[in-house]
Amino acid sequence: MNNVDKVMASAAEAVADIPQGASLAVGGFGLCGIPTVLINALHAQGAGGLRVVSNNCGVDGQGLGVLLAAGRIVRVTGSYVGENKEFARQYLAGELEVELTPQGTLAERLRAGGTGIPAFYTPAGVGTQVADGGLPWRYGPDGSVTVASPPKETRTFRGRAYVLEEAITTDFALVRAARGDRHGNLVFHRSAANFNPLAAMAGRTTIAEVEELVEPGAIDPDAVHLPGIYVDRVVGPVPADDKGIEKRTVRTREERH
């Protein structure tokens, strides 16, 4: 399978079969390394009722925030949501179900899903509502909690308590890479190698947009960050100058030194 040419004619073609109610693992951290082209293509495609797993849900008007503002997302599993006012509004209004999980736990849940591990124990969250249950996943219109997180199994190893966390797999994964070949081997640029490899591993069908598309053999095997066995479709080359900045700050030359 890895030797098949996986390049699609367009982003629209790549996401055309994502159905209503699909689950998606989406790479990126803030606006760094997000699959902007695929997200916009999915927005144009029109699928809704989406259940998204991503570190965060973009920002207002960018990234997953585009799908969120259009009312296409019904559930989010993530670890950070502090940069999106529409996200907060929908969550508090009872329009969006949100499962918050520690960031490292989220990363490992995705990795475990991609490697066939059904669950694992971690100390993160022990003694909190992460383990004990009761975190508000969904509010009602009157502000009451209509769906709360369930309690999780805990166990002691060598005198220390751990909580059992289940792995995550999704119907599709959308990721972005700096470089990729026609077989789906991917290279990520610096911090864009955040949740992208993990999201790609967790998706049953993984779609990658690449800024530079090269022929097989052009990437040194030792330089491959994610092997093509995890990637089903490739879109590229995509623009490399479409990256947003969450917060612009300006300092004087003296302050920089």
Side-chain angles (χ1 to χ4, degrees), residues 10-16 18-101 103 106 137-139 141 170 172-178 188-196 198-200 203 207-211 235-251:
S10 66
E13 181 184 46
V15 303
I18 296 180
Q20 189 85 4
S23 59
L24 304 174
V26 182
F29 186 102
L31 295 181
C32 178
I34 62 172
T36 305
V37 174
L38 292 172
I39 290 172
N40 290 337
L42 184 56
H43 176 262
Q45 186 253 47
L50 301 171
R51 294 167 288 127
V52 171
V53 181
S54 186
N55 176 69
N56 57 289
C57 202
V59 300
D60 293 293
Q62 296 186 69
L64 286 170
V66 173
L67 293 173
L68 185 73
R72 306 280 181 77
I73 299 175
V74 297
R75 192 179 196 279
V76 173
T77 300
S79 67
Y80 179 69
V81 296
E83 302 296 334
N84 194 318
K85 293 180 181 178
E86 177 61 14
F87 184 103
R89 188 202 66 77
Q90 290 190 22
Y91 174 50
L92 296 175
E95 301 170 11
L96 182 68
E97 187 170 306
V98 178
E99 178 186 359
L100 288 174
T101 186
Q103 196 165 84
L106 178 62
W137 280 1
R138 180 183 287 276
Y139 287 103
T170 58
F172 290 84
L174 308 180
V175 300
R176 182 180 184 118
F188 303 97
H189 182 64
R190 297 189 178 179
S191 59
N194 38 54
F195 278 85
N196 275 300
L198 307 171
I207 311 170
E209 61 181 64
V210 300
E211 296 173 13
V235 175
V238 301
D241 59 355
D242 62 346
K243 302 178 180 71
I245 298 175
E246 289 178 70
K247 294 182 179 179
R248 293 182 181 272
T249 58
V250 179
R251 293 181 297 170

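These numbers come from the heavy atoms of this one structure, side chains and all, not from hydrogens, waters or symmetry mates. Throughout, residue positions are numbered sequentially from 1 according to the sequence presented.
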Item to check | Worked verdict on Leu68 versus Leu96 for side-chain contact (heavy atoms from CB on, under 4.5 Å) | outcome: CA-CA 9 Å; Leu68 185 73; Leu96 182 68; 3.9 Å; yes
Got a sec, which residues hit side chain to side chain contact (heavy atoms under 4.5 Å, CB included) with [X], two or more places apart in sequence or on another chain?
| X | value |
| --- | --- |
| His189 | Ala178 |
| Leu100 | Val81, Val98 |
| Thr170 | Ser23, Ala25, Val53, Ile168 |
| Asn196 | Val175, Phe188, Asn194 |

Item to check | For Glu13, salt bridge (charged side-chain N to carboxylate O under 4.0 Å, His left out) partners two or more places apart | outcome: none
Checklist entry - Who are the salt bridge (charged side-chain N to carboxylate O under 4.0 Å, His left out) partners of Arg138, not counting sequence neighbours? => result Glu97
For a quick test of reading the model, state the closest non-hydrogen atom pair linking [X] to [Y] and the distance between them.
| X | Y | result |
| --- | --- | --- |
| Val76 | Cys57 | CG2-SG, 4.1 Å |
| Arg176 | Val238 | NH2-CG2, 3.9 Å |
| Ala47 | Leu50 | O-CD1, 3.9 Å |
| Ile34 | Gly28 | CG2-CA, 4.0 Å |
| Ala173 | Ala199 | CB-O, 3.2 Å |
| Gly61 | Val66 | O-CG2, 3.6 Å |

Checklist entry - Any side-chain heavy atom of Ile18 sitting closer than 4.5 Å to one from Leu24? => result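 Yes, their side chains come closer than 4.5 Å.
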Checklist entry - Do any pairs count as a salt bridge (Lys or Arg N to Asp or Glu O under 4.0 Å) and have a residue in residues 20-29, sequence neighbours left out, and if so which ones? => result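 Every pair satisfying salt bridge (Lys or Arg N to Asp or Glu O under 4.0 Å) with a residue in residues 20-29: there are none.
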Nearest 0.5 Å, please: how far is [atom2] in [Y] from [atom1] in [X]?
| X | Y | atom1 | atom2 | result |
| --- | --- | --- | --- | --- |
| Ile39 | Glu209 | CD1 | CD | 7.5 Å |
| Leu38 | Phe172 | CG | CZ | 12.0 Å |
| Asn56 | Asn84 | CG | CG | 8.5 Å |

Next on the checklist: Filter on side chain to side chain donor-acceptor pair (under 3.5 Å), then keep only pairs touching residues 38-51, sequence neighbours left out; what's left?
Outcome noted: none
Item to check | All ring pair (Phe, Tyr, Trp, His ring centres under 6.0 Å) counterparts of Tyr139, not counting sequence neighbours | outcome: Tyr91
Next on the checklist: My understanding is that only residues two or more places apart in sequence, or in another chain, count here; which of them pass side chain to side chain donor-acceptor pair (under 3.5 Å) with Asn55?
Outcome noted: Ser79, Gln103
Next on the checklist: Please enumerate all residues that pass side chain to side chain donor-acceptor pair (under 3.5 Å) together with Gln90, with sequence neighbours excluded.
Outcome noted: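 Here the qualifying residues are Glu86.
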